[in-house]
Amino acid sequence: MRIGISFITAIALAGCQTEQSTTAGQGLAVPQLSERNSTAVSPSAEKLSIDESGRYFLVANSSERIELYETTSLRKINSTQVGGEFSSINGSGFIDSDRYFVGYVDGKRGALRAFVKIFQIEPEKQVYEHAFDAGGDVPMRVNIHYVAYRKTLIDWQKTQEPLEIWSAHPGYAGVYALTDSGRVFTSNLLGKTLLLHDPRTNQRLYWEAGIKPFDAAITRSEHHVIAVDDAGSCKVWRMPEIEPLGRCGWGALFSSTRGRVVVAPHEERFAVSIDNRVRVYSLQPYALMSEFAMPAAVTTLTLADGGRIAVADEQGNLEVWDAQAARPLGRIQLSYVEDLAFSSQDRLLALVPRDGRYSVHSYDIPSPVPANPHP
């Protein structure tokens with residue numbers, strides 16, 4: 001019986017016929033990740049964000065506070081409280097290397113409203129604020145030109161009338177992503193559909209995914225969309241033709257954790273995980289770059305330009321891989337990892353809870369060792 005299950009699981013995890021990469025890193029000695037420094041953060045911390053220059057990072061809390069830090073020293077620059085005692089943050093991140101945003105929902109006096117604020121780092125000041133009449137459990141998305149929340153798109157740099165956003169889900173549940181050009185990408189889990197809508201032209205690309213999109217992503221270029229269901233079945237499409245490129249996983253018969261997908265910040269690459277398995281793909285051309293397994297089910301992962309990927313599992317194992325070379329670069333055992341973010345090719349930040357407290361740890365990533373070093 002065990003042989004039969006192993007065979008079926010192997011078939012379920014197999015990718016498309018063109019994939020030629022094999023499981024990587026077997027038999028390689030992997031160095032420990034070296035901790036550079038660490039700092040205590042809010043006990044309600046949930047998310048890390050890093051600006052594109054790698055100079056600053058944000059720690060967003062589950063309540064009403066967001067903290068800005070300098071990456072190298074981990075020095076706290078400021079801590080901003082938004083809203084009141086009944087507020088909750090529903091979005092935060094960097095717009096560019098000198099501006100960041102925070103979105104939050106405030107339910108004081110019984111009226112649920114959503115707000116967005118944009119801050120400049122140097123000199124420190126608030127540069128924009130907008131209030132939405134209705135609030136809800138929908139993420140706030142902001143980039144250098146636009147704010148997207150529920151059914152509203154705002155060009156925050158100009159004084160124009162808000163535009164209406166169409167969503168694959170009538171309640172704006174599921175995936176909700178804003179592209180650089182102002183298009184909004186949404187999903188409908190039960191309907192197994194995806195929608196890429198441009199509110200400026202009202203152009204809508206709507207299609208059936210054929211799988212329940214528990215997680216989905218669109219690349220920075222908007223040239224590719226990836227979706228994965230709760231069992232790890234994964235599909236890729238080329239845009240705007242909505243042309244299927246193939247599968248990036250067929251799903252597993254037995255799965256304890258839902259599938260996850262992340263894309264590289266600028267490159268046409270993505271990574272997908274199901275249970276303890278991780279796969280990294282290039283999209284131009286479409287090909288499997290590497291595949292590896294963690295000791296336990298994956299809880300968080302992040303992919304950097306250049307092919308480096310950091311992955312943590314439910315047992316606190318943290319590993320960094322070079323997907324291009326298909327080899328591990330470093331690993332460390334921690335209590336648990338809440339979130340991960342690369343500040344550069346050679347440095348990784350990890351948000352780590354322990355004994356009811358949270359801290360951010362900075363790790364130096366070892367340089368890759370040649371597979372066959374010459375004497």
Side-chain angles (χ1 to χ4, degrees), residues 4-24 167-169 173-177 185-196 205-219 222-239 241-264 268-294 296-303 309 311-314 321 323:
I5 293 176
S6 299
F7 174 77
I8 293 172
T9 304
I11 294 297
L13 290 173
C16 63
Q17 297 297 318
T18 60
E19 296 172 356
Q20 298 178 357
S21 177
T22 58
T23 300
S167 171
H169 190 282
V175 173
Y176 188 92
F185 174 58
T186 57
S187 67
N188 187 327
L189 179 64
L190 296 180
K192 299 182 180 180
T193 55
L194 299 168
L195 172 64
L196 182 60
L205 300 176
Y206 180 78
W207 71 102
E208 294 185 359
I211 59 175
K212 291 184 177 181
F214 269 77
D215 199 10
I218 184 169
T219 57
E222 305 177 35
H223 291 164
H224 297 92
V225 165
I226 308 100
V228 60
D229 71 7
D230 57 336
S233 185
C234 179
K235 289 185 175 182
V236 183
W237 296 267
R238 180 186 288 115
M239 308 301 287
E241 301 90 347
I242 318 180
E243 176 187 351
L245 287 184
R247 285 187 175 263
C248 42
W250 294 90
L253 296 182
F254 307 100
S255 173
S256 60
T257 60
R258 68 181 181 90
R260 291 176 172 82
V261 58
V262 294
V263 296
E268 296 299 291
R269 294 177 179 177
F270 73 94
V272 62
S273 71
I274 177 64
D275 281 337
N276 69 323
R277 306 292 300 185
V278 180
R279 288 179 158 200
V280 184
Y281 289 81
S282 66
L283 287 161
Q284 293 177 339
Y286 180 60
L288 175 64
M289 295 172 59
S290 64
E291 178 182 7
F292 59 92
M294 296 291 290
V298 172
T299 54
T300 186
L301 69 164
T302 185
L303 180 63
I309 182 171
V311 186
D313 68 21
E314 62 186 8
W321 285 69

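This is a predicted model, so every value here is computed, not measured. Heads up: numbering here begins at 1 and tracks the sequence.
Nearest heavy atoms, Met239 versus Leu196: CE-CD2, 4.2 Å. The two residues Glu314 and Ala296 make their nearest non-hydrogen contact at CG-CB, 3.7 Å. Among all heavy-atom pairs drawn from Asp215 and Arg260, the shortest one is OD2-CA, 3.6 Å. Between Asn188 and Ala168 the shortest heavy-atom distance is ND2-O, 3.0 Å. Of all heavy-atom pairs between Ala271 and Ile309, the closest is CB-CD1, 3.5 Å. The two residues Asp229 and Ala231 make their nearest non-hydrogen contact at OD1-N, 2.9 Å.
Between Tyr281 and Val236, the closest side-chain pair of non-hydrogen atoms is not below 4.5 Å. A heavy-atom distance below 4.5 Å is not found between the side chains of His223 and Leu283. Using a 4.5 Å heavy-atom cutoff, the side chains of Val263 and Ile226 are in contact. Looking only at side-chain heavy atoms (C-beta outward), Val261 and Phe270 come within less than 4.5 Å of each other. Between Phe214 and Val228, every side-chain heavy-atom pair lies at or beyond the 4.5 Å cut-off.
Remark: Leu303 CG to Trp321 CH2 distance equals 14.5 Å, nearest 0.5 Å. Rounding to the nearest 0.5 angstrom, the gap separating the CZ atom in Arg238 from the OH atom in Tyr286 is 11.0 Å. In this structure, CG in Asp275 is found 11.5 Å from CG in Asp313, a value given to the nearest 0.5 Å. Rounding to the nearest 0.5 Å gives a distance of 13.0 Å between CZ of Arg269 and NE2 of His224. Between atom CG of residue Leu189 and atom NE2 of residue His169 there is a gap of 8.0 Å, rounded to the nearest 0.5 Å.
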Query raised in the report: Given the rule in the side-chain contact (heavy atoms from CB on, under 4.5 Å) test, do Phe292 and Val311 qualify, once you have shown the distances and angles that lead to the verdict?
Result: CA-CA 11 Å; Phe292 59 92; Val311 186; 3.8 Å; yes

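Using a distance-only test at 3.5 Å, with no hydrogens or angles considered, no donor-acceptor pair links the side chain of Ser290 to the main chain of Val280. With hydrogens and angles ignored, the 3.5 Å screen pairs a side-chain donor or acceptor of Lys235 with a backbone N or O of Ala209. A distance-only check finds no donor-acceptor pair linking the side chain of Ser187 to the backbone of Gly174 [under 3.5 Å].
A 6.0 Å sphere centred on CD of Glu208 holds no more than 12 heavy atoms belonging to other residues, nucleotides or ligands. Counting heavy-atom neighbours within 6.0 Å of Lys212 NZ, excluding the residue itself, gives a total of 12 or less.
Relative ring orientation between Trp207 and Trp237 is described as perpendicular, the plane-to-plane angle rising above 60° on a 0-90° scale split at 30° and 60°.
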